[in-house]
Amino acid sequence: MNQAEKERAAKLGKKWTPAGYIKSEIEAIRKQVGDKKVLLAMSGGVDSSVCAVLLHKAIGKQLTCVFVDHGCMRKNEAKEIKKVFKGKFGINLIQIDAEARFLAKAKGITDPELKRKCIGGEFIRVFEEEAAKLGKIEFLGQGTIYPDIVESGVGGHKAVKAHHNVGGLPKDIGFEGLVEPVKYLYKDEVRKVGKALGIPAEMVNRQPFPGPGLAVRCLGELTKEKLDILREADFIFRDEMAKAKLDKKAQQFFAIMTNVKSVGVKNNARTFGYVIALRAISTAQFVKAGIVELPFKFMTKVAEKIATKVKGVNRVVWDITPKPPATIEWE
Ligand code: XMP
């Protein structure tokens with residue numbers, strides 16, 4: 001057992017229950033934070049959502065959540081987050097539209113790791129600026145989960161990718177410390193805790209969405225044009241999966257902007273458009289993943305719909321590579 005595994009075993013104990021975990025985490029958060037304040041980086045994914053509600057239950061108004069729209073969110077995501085967290089839970093939530101700022105910062109960067117680090121670093125800068133506006137905030141909350149730690153090379157494991165929540169953090173984050181209440185949980189365990197916390201099922205069961213968002217699915221330089229194309233293609237795919245009641249079959253399914261252009265034909269005229277890739281995987285712990293077999297008719301229908309309806313796209317391919325050797329995300 002390495003250090004990370006020992007810490008996980010100590011935290012969860014032998015008879016793990018979501019209710020027991022919530023109780024002990026609430027106590028641990030209160031003990032760590034005292035009467036100080038926490039600023040939570042909300043990405044819109046399951047992990048930071050569960051983290052937000054857990055922190056809210058523990059310290060209420062001492063928590064401020066900041067949701068930064070970095071321009072790499074899925075279609076309608078920002079609106080839905082506001083509705084649930086501000087509306088239903090009454091969480092102190094600030095939304096920042098930082099699309100232009102992020103795209104300017106990422107301009108010209110094509111290397112996947114540099115892109116991740118650029119976005120992760122910019123996130124922290126935005127939080128620091130927000131914290132400065134809000135007065136003294138001592139702690140930074142984060143929805144880091146156990147696979148993030150394992151795959152970022154902490155605890156004796158070899159690094160696969162610089163995950164947003166770990167590797168993207170600059171050394172000097174300007175806070176007294178980090179609060180990471182779901183750090184020793186796997187994704188399915190985070191969902192169980194979320195359910196026990198009363199988070200709506202559609203949010204708890206929502207497929208994971210990485211911190212850098214569509215940036216890790218948009219190959220090459222990040223541009224608004226490419227991200228908008230990807231957003232539309234991704235929306236069609238997710239919508240069709242839900243309509244066909246196939247969305248429960250896959251833990252993650254999404255579109256990828258390949259950054260490759262190919263020749264096509266629309267309305268009897270030659271086109272030179274982007275190739276969109278689609279991927280649907282099934283996995284227990286997200287460390288390994290298999291491919292979900294979708295009905296062929298469905299696959300051709302979605303491919304045709306995206307290639308005809310999304311401006312700038314003329315070809316769709318399916319990614320049927322398991323993890324390993326491929327990772328789930330393309331970058
Ligand atoms: P990979 O691509 O490494 O993904 O096979 C494994 C799982 O992690 C998610 N992922 C991330 N989650 N920050 C996150 O919070 C990140 O930077 C990040 N990168 C990948 C990915 O969507 C999959 O569920």
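Atoms within a ligand are numbered from 1 in the order they appear, just like the ligands themselves. For this chain, numbers begin at 1 and follow the sequence in order. If you're wondering where the values come from, they're calculated on a predicted model, not measured in any experiment.
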### Query
Under 30°, 30 to 60°, or over 60°: which ring-plane class applies to Tyr146 and Tyr186, parallel, tilted or perpendicular?
perpendicular
### Message
Closer than 4.0 Å to some heavy atom of Thr327 - which atoms of ligand 1 meet that?
### Response
1 (P), 2 (O), 5 (O)
### Task
Number the atoms of ligand 1 from 1 as they appear, then name those within less than 4.0 Å of a heavy atom of Gly211, with their elements.
13 (N), 14 (C), 15 (O), 16 (C)
### Query
Judged by atom type as modelled, is there a donor-acceptor pair below 3.5 Å linking the side chain of Lys86 to the main-chain atoms of Leu93?
yes
### Task
Would you mind running through ligand 1 and noting each atom that sits below 4.0 Å from a heavy atom of Phe286?
6 (C), 24 (O)
### Task
Mark yes or no for whether His70, through its side chain, and Gly211, through its backbone, hold a donor-acceptor pair below 3.5 Å.
yes
### Message
Using a plain distance cutoff, I'd like to know if Asp47 has any nitrogen or oxygen under 3.5 Å from a nitrogen or oxygen of ligand 1.
### Response
no
### Message
With a 3.5 Å distance limit and no angle check, can you tell me whether Asp234 reaches the backbone of Ala255 through a side-chain donor-acceptor pair?
### Response
yes
### Check: Gln252 side chain, Pro208 main-chain N or O, donor-acceptor pair, under 3.5 Å
yes
### Task
Check Gln252 against ligand 1 and report side chain, backbone, both or neither, counting heavy atoms closer than 4.0 Å.
side chain
### Message
For Thr110, is there any backbone N or O sitting under 3.5 Å from a side-chain donor or acceptor partner on Glu221?
### Response
no
### Distance filter under 4.0 Å to Pro208 heavy atoms, resulting ligand 1 atoms
24 (O)
### Query
So, is the end of the Lys75 side chain (NZ or CZ) under 6.0 Å from the ring centre of Phe235 and within 45° of the ring's axis?
yes
### Query
Does some non-hydrogen atom of Gln207 fall short of 4.0 Å from ligand 1?
no
### Test of proximity, Arg217 against ligand 1: N or O pairs below 3.5 Å
no
### Query
Does a donor on one side chain sit under 3.5 Å from an acceptor on the other, for Lys226 and Asn259?
yes
### Message
For ligand 1 and Ile328, I'd like to know whether there is a polar contact (N/O to N/O, distance under 3.5 Å).
### Response
yes
### Query
How does Pro212 reach ligand 1, if at all, at less than 4.0 Å between non-hydrogen atoms: by side chain, backbone, both, or neither?
side chain
### Message
I need the atoms of ligand 1 closer than 4.0 Å to a non-hydrogen atom of Lys323, numbered in the order shown.
### Response
1 (P), 3 (O), 5 (O), 6 (C)
### Query
Can you find an N/O atom of Glu329 closer than 3.5 Å to an N/O atom of ligand 1?
yes
